Trainee: 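Structure provided below as structure tokens; questions to follow.
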2 protein chains.
Amino acid sequence: MAAQDTELVGSLVQLMHKLQDLYAESSRPLGLTPQQAHLLCVLLAGPFGMTELSRIMSIERSSLTSMVDRLERRELVERLPDPADRRACRIGLSAAGTKLADQAHTTYTDRIAELTAALPATQRKAVVSAVGVIVGA
Amino acid sequence: MAAQDTELVGSLVQLMHKLQDLYAESSRPLGLTPQQAHLLCVLLAGPFGMTELSRIMSIERSSLTSMVDRLERRELVERLPDPADRRACRIGLSAAGTKLADQAHTTYTDRIAELTAALPATQRKAVVSAVGVIVGA
DNA sequence: TATTGTTATACTCTATAACTATA
DNA sequence: TATAGTTATAGAGTATAACAATA
């Protein structure tokens, strides 16, 4: 691997850990784990079925069942019947869940926006474009 | 928050999740959780004391005690006495731990290098520089 | 007194395998 | 048969609070 790769890869790994920390710090004051915040934020674009949601979040369906159970007990999400398939359900946000998801999203979004405030437009564009390549968009 | 922020923040969050998935996929075949792989890779620059290590990894010392216990049982890390302080210990990699840490590091590093292979030099530099600003280097 | 690391406890996240109900 | 989701189980990560030994 070339030296330029080492540098870029190192940067990306550093960035991942930094963003993970930010995510955790943003979720905690809201009484959410990072993964719960993630689920709630995904559902802002929802509702989704369990299988679909498990693919989006890269976790097993059974793991998701546990998460949804806990969030449903707190009345942040709801299992809605799927009119087209009696086996399936749609996971949606309750009013309280929507509010909390908005807060979580706003909080970490603002934190990242602060950290990137100093970046010039050209660098922003380069980063956005690079991410597009990396995530295969 | 301005539209340019929304775009950049969205990209960064996407990137974080993508890198997390890569990290998990790289660790798993080696019999390591992502966090275990992280700890082992940090120790490549080690050894470190528990308090120092907990700060590096942004977890509580007691959480780290659990992790080190498990990895020590598998003989991947060792608790070495600190000659200067009888309360403290230094966590270091065993020979097997070093080998595994190298493998983990190489695996995800190669995966990321593949994904970024198409990026031109100017974009690489922009990303590295942007990350420097974000993580406060 | 302050710090280092551990223990005890409780909860969350996670996967695998087996299961029920429906398609 | 195949798919949607759940249950049972076990292991791993996490934090809080209280603790022992040493500084």
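All chains are named by letter (A, B, ...) in the order of the sequence lines, taking the proteins before the strands, and each is independently numbered beginning at 1. Bear in mind the structure is a predicted one, so any value in this text is a computation, not a measurement.
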Trainee: Starting the side chain at C-beta, find the nucleotide from D/dT14, C/dT16, D/dA23 nearest to A/E60.
Mentor: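 Nearest nucleotide to the side chain: C/dT16.
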
Trainee: Using whole Å, what does the distance between atom P of nucleotide D/dG13 and atom CD of B/Q20 come to?
Mentor: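 After rounding, the gap between these two atoms is 15 Å.
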
Trainee: Where along nucleotides 2-8 of chain C does protein come under 4.0 Å, by heavy atom, of base (B) or sugar-phosphate alone (S), with - for untouched nucleotides?
Mentor: BBBBBB-

Trainee: Under a single-linkage definition using a 4.5 Å side-chain heavy-atom cutoff for Ile, Leu, Val, Met, Phe, Trp and Tyr, are B/L80 and B/L53 assigned to the same hydrophobic cluster?
Mentor: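 Result: no, two separate clusters.
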
Trainee: Could you tell me whether A/Q35 contacts a base, only the sugar-phosphate backbone, or nothing, with contacts defined as non-hydrogen atoms closer than 4.0 Å?
Mentor: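 Result for A/Q35 = sugar-phosphate.
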
Trainee: Do side-chain atoms of A/R90 reach the backbone of A/P47 as a donor and acceptor pair under 3.5 angstrom?
Mentor: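 Yes.
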
Trainee: Expressed in angstrom and rounded to an integer, what is the separation of A/L76 atom CG from C/dT12 atom P?
Mentor: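 The answer, rounded to whole Å, is 12 Å.
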
Trainee: Rounded to whole angstroms, how far apart are CD on B/Q36 and C1' on C/dC13?
Mentor: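 Computing the B/Q36:CD to C/dC13:C1' distance gives 14 Å.
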
Trainee: Could you work out, with side chain to side chain donor-acceptor pair (under 3.5 Å) as the rule, every residue matching B/R124, not counting sequence neighbours?
Mentor: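 B/R124 satisfies side chain to side chain donor-acceptor pair (under 3.5 Å) with A/D5 only.
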
Trainee: How many whole angstroms separate atom CG of B/L32 from atom P of D/dA12?
Mentor: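 In whole Å, D/dA12 P lies 11 Å from B/L32 CG.
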
Trainee: Considering only heavy atoms and no angle criterion, is a donor-acceptor pair shorter than 3.5 Å present between the side chain of A/S63 and the base of C/dA15?
Mentor: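 Yes, the side chain and the base share a sub-3.5 Å donor-acceptor pair.
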
Trainee: With rounding to the nearest 0.5 Å, note down the distance linking CG in B/L64 to CE in B/M57.
Mentor: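 Interatomic distance, B/L64 CG to B/M57 CE, rounded to 0.5 Å: 7.0 Å.
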
Trainee: Between P on D/dT6 and CE on A/M67, what's the gap in Å once rounded to a whole number?
Mentor: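 In whole Å, D/dT6 P lies 14 Å from A/M67 CE.
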
Trainee: Send over the distance from B/D21 CG to C/dT14 C1', rounded to a whole Å.
Mentor: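 About 14 Å, once rounded to whole Å.
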
Trainee: When the nearest nucleotide of DNA chain C is assigned to A/R73 and to A/S58 on a heavy-atom basis, which residue is associated with the more 5' position?
Mentor: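 Closest to the 5' end, via its nearest nucleotide, is A/R73.
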
Trainee: Using 30° and 60° as the class limits, which term best fits the ring planes of B/H38 and A/H17: parallel, tilted or perpendicular?
Mentor: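 If you compare the ring of B/H38 with that of A/H17, the planes turn out parallel.
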
Trainee: Check whether any side-chain heavy atom of A/V77 sits under 4.5 Å from a side-chain heavy atom of A/L39, and report yes or no.
Mentor: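 No - every pair of side-chain heavy atoms lies 4.5 Å or more apart.
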
Trainee: Rounded to whole Å, please give me the gap between NE2 in A/H38 and C1' in C/dC13.
Mentor: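 Rounded to whole Å, this separation is 14 Å.
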
Trainee: Given side chains that start at C-beta, do those of B/T106 and B/Q103 come closer than 4.5 Å, heavy atoms only?
Mentor: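 No, side chains not in contact.
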
Trainee: What is the separation between atom CD1 on A/I59 and atom P on D/dG11, rounded to the nearest whole Å?
Mentor: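 Taking atom P of D/dG11 as the reference, CD1 of A/I59 is at 21 Å.
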
